[in-house]
Amino acid sequence: GDLHVETAFVYNCGTLQAHLQSGRTKLTFTLIGHEKIPLIAESPGSKGGFSTKGFVTQGGTTDLRGQLCNRTTWGLLSATADAGAKELKLDRAVEWPVGTEVMVASTDYKGTQTEVATVASVSDDGTTLALSHGLVYPHAGVAPITAEVGALSRNIKITSEAACRKIPNKEAPDKPMCGHFVVDHTPHAIVCGVEVTNMGKHTTTGKYPMHMHMCGHAPGIQIRSNGIHSNHHRALVLHGVSNSTWQENVVFRTVGHMLL
């Protein structure tokens, strides 16, 4: 079944765990409204507090593991896909569910020819994707020019209400002001196989889609196999953290630096 959590914020100082690797369950957190996390929860180093629509871990343990955790999240075309094609041949096997949205990178001079398609089926050997609609642009699949194909969808999703990206909105007259995810002064967290989309407060310091803040020596932090896409202020941000693992994340369409 599907689980939906709508909340003004998440503040985790205990344990938040969801292990959904079977793929039978979808879990969506949607951050809504304009209630700020109480001031008592702020750390001295958190500039301006945690603001609104925050998914915050401070002292607790966040452990989220979705269906694609530690599985293949991207590959390269092994054959050219022409405009109108409804099939992608990959250089490796994948286990992407039907309905997964995938990014197909441009191999033209124009980055705008990167496009998003939807998986209709996957071949038995996992190397051929049938698409629900034809491609708009051609994408090369002959070395040395081979388009990347990355899975964007996950069965655990962290997102914000749609109204936050509208201009104007209730928090700003001229920019999107959506949710943010931060692990603050905490050296452990696992976020693996999670989709993070419609997040980030545009040009607002410290309010990013995926942010590790002043965690120090943190081998217990593992950010793996995630789909971080269609966000409004950067993507993966490390600040004052070392020895953590960031691996096999697909990052697509954001404003500003994708990796910082």
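Quick note: numbers below take in every heavy atom, side chains included, and nothing from hydrogens, waters or symmetry partners.
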*Among pairs that include at least one residue of residues 129-141, which meet side chain to side chain donor-acceptor pair (under 3.5 Å), considering only residues two or more places apart or in two chains?*
Glu115-His139
*Could you tell me whether a side-chain N or O of Thr186 sits under 3.5 Å from a main-chain N or O of Val183, the two making a donor and an acceptor?*
no
*asked:* Using modelled atom types and a 3.5 Å cut-off, is there a donor and acceptor pairing between side-chain atoms of Asp91 and backbone atoms of Ser78?
replied: no
*What residue pairs, at least two apart or across chains, pass salt bridge (charged side-chain N to carboxylate O under 4.0 Å, His left out) with a residue in residues 195-206?*
Glu171-Lys201
*How long is the gap from CE on Met199 to CG on Leu31, to the nearest 0.5 Å?*
5.0 Å
*asked:* Within the supplied structure, the quantity of interest is the number of heavy atoms (other residues, nucleotides, ligands) at a distance under 6.0 Å from His257 NE2; does it exceed 12?
replied: no
*Closest contact, heavy atoms only, Ala147 versus Ala105*: CB-O, 3.4 Å
*Are the side chain of Trp96 and the backbone N or O of Gly150 linked by a donor-acceptor pair below 3.5 Å?*
no
*Without swapping roles, check the side chain of Arg154 against the backbone of Asn226 for a donor-acceptor pair under 3.5 Å.*
yes
*asked:* Donor-acceptor pair, distance only, cut-off 3.5 Å: does the side chain of Thr204 make one with the backbone of His202?
replied: yes
_Considering all heavy atoms, the nearest Lys175-Thr203 contact_ = NZ-OG1, 3.2 Å
*side chain to side chain contact (heavy atoms under 4.5 Å, CB included) between Val194 and Phe181, worked out*: CA-CA 12 Å; Val194 175; Phe181 182 104; over 6 Å; no
*Distance-only, no hydrogens or angles: does the Thr30 side chain make a donor-acceptor pair with backbone N or O of Thr159 under 3.5 Å?*
no
*asked:* With a 3.5 Å distance limit and no angle check, can you tell me whether Thr100 reaches the backbone of Val119 through a side-chain donor-acceptor pair?
replied: no
_Before you tell me yes or no, could you show the steps for Arg253 and Val116 under side chain to side chain contact (heavy atoms under 4.5 Å, CB included), namely the whole-Å CA-CA distance, both residues' side-chain angles and the distance that decides it to 0.1 Å?_
CA-CA 11 Å; Arg253 281 188 181 156; Val116 175; 4.1 Å; yes
*State plainly whether one hydrophobic cluster holds both Val237 and Leu64, where clusters connect Ile, Leu, Val, Met, Phe, Trp and Tyr through side-chain heavy atoms under 4.5 angstrom apart.*
no
*CG of Leu131 to CG of Leu88: how many Å apart, nearest 0.5 Å?*
4.5 Å
*Using atom types as modelled and distance alone, determine if a side-chain donor or acceptor of Asn169 lies under 3.5 Å from a backbone N or O of Ala172.*
yes
_Any non-hydrogen side-chain atom of His188 less than 4.5 Å from a side-chain atom of Thr61?_
yes
*Does Asn12 offer a backbone N or O that forms a donor-acceptor pair with the side chain of Thr57 under 3.5 Å?*
no
_Using a 4.5 Å cut-off between side-chain heavy atoms of Ile, Leu, Val, Met, Phe, Trp and Tyr, which other residues end up in the same hydrophobic cluster as Met177?_
none
_Working to the nearest 0.5 angstrom, can you tell me the gap between Leu77 CG and Leu90 CG?_
6.5 Å
*Following the transitive rule for hydrophobic clusters with a side-chain heavy-atom cut-off under 4.5 Å over Ile, Leu, Val, Met, Phe, Trp and Tyr, establish whether Val196 and Met212 coincide in one cluster.*
yes
_Inter-residue atom distance Ser225.OG - Arg71.CZ, 0.5 Å rounding_ = 10.0 Å
*Exercise: identify the closest heavy-atom pair between Leu238 and Ser244*: CD2-OG, 4.1 Å
*Distance (rounded to the nearest 0.5 Å) between Asn231 CG and Asn198 CG*: 7.5 Å
*Any side-chain heavy-atom pair from Trp74 and Glu248 closer than 4.5 angstrom?*
yes
*Kindly indicate whether the side chain of Pro176, heavy atoms from C-beta on, has any atom under 4.5 Å from the side chain of Ile167.*
yes
*Mind checking whether His233 and Tyr208 have ring centres under 6.0 Å apart?*
yes
*Go through the steps to decide whether Asp63 and His19 satisfy the test side chain to side chain contact (heavy atoms under 4.5 Å, CB included), and finish with yes or no.*
CA-CA 8 Å; Asp63 183 354; His19 290 184; 3.0 Å; yes
*When rounded to the nearest 0.5 angstrom, what is the spacing between CG in Asp2 and OG1 in Thr25?*
8.0 Å
_Keeping Glu35 on the side-chain end and Phe9 on the backbone end, is there a donor-acceptor pair under 3.5 Å?_
no
_ILVMFWY clustering at 4.5 Å (side-chain atoms), partners of Ile190_ = none
*Less than 4.5 Å apart, any side-chain heavy atom of Val10 and any of Thr62?*
no
*asked:* Per the side chain to side chain donor-acceptor pair (under 3.5 Å) rule, what does the pair list look like for residues 101-110, sequence neighbours excluded?
replied: none
*Give a yes or no on whether Leu236 and Met214 share a hydrophobic cluster (residues Ile, Leu, Val, Met, Phe, Trp, Tyr; joining criterion: side-chain heavy atoms under 4.5 Å apart).*
no
*Indicate the atoms forming the closest heavy-atom contact of Thr52 with Gly33, along with that distance.*
CB-O, 4.4 Å
*What do you reckon, is CG of Asp124 surrounded by more than 12 foreign heavy atoms closer than 6.0 Å?*
no
*Would you indicate whether the side-chain heavy atoms of Leu3 and Val5 approach each other to under 4.5 Å?*
no
*asked:* Using the rule that Ile, Leu, Val, Met, Phe, Trp and Tyr join whenever any side-chain heavy atoms are under 4.5 Å apart, tell me whether Val104 and Leu152 fall into a single cluster.
replied: no
*Any side-chain heavy-atom pair from Arg234 and His211 closer than 4.5 angstrom?*
no
*Given a cutoff of under 4.5 Å between side-chain heavy atoms of I, L, V, M, F, W and Y, with clusters grown through shared members, what are the other residues clustered with Ile32?*
none
*asked:* Tell me the closest heavy-atom pair linking Cys192 and Asn70, and the distance in Å.
replied: SG-N, 3.7 Å
*asked:* Between Met103 and Met210, is there shared hydrophobic-cluster membership here, with clusters defined by ILVMFWY side-chain heavy atoms closer than 4.5 Å?
replied: no
*Shortest non-hydrogen contact between Gly206 and His180, atoms and distance*: O-ND1, 4.3 Å
*asked:* Please determine whether side chain to side chain contact (heavy atoms under 4.5 Å, CB included) holds for the pair His229 and Val250, giving the CA-CA distance in whole Å, both sets of side-chain angles, and the decisive distance to 0.1 Å.
replied: CA-CA 8 Å; His229 70 95; Val250 175; over 6 Å; no
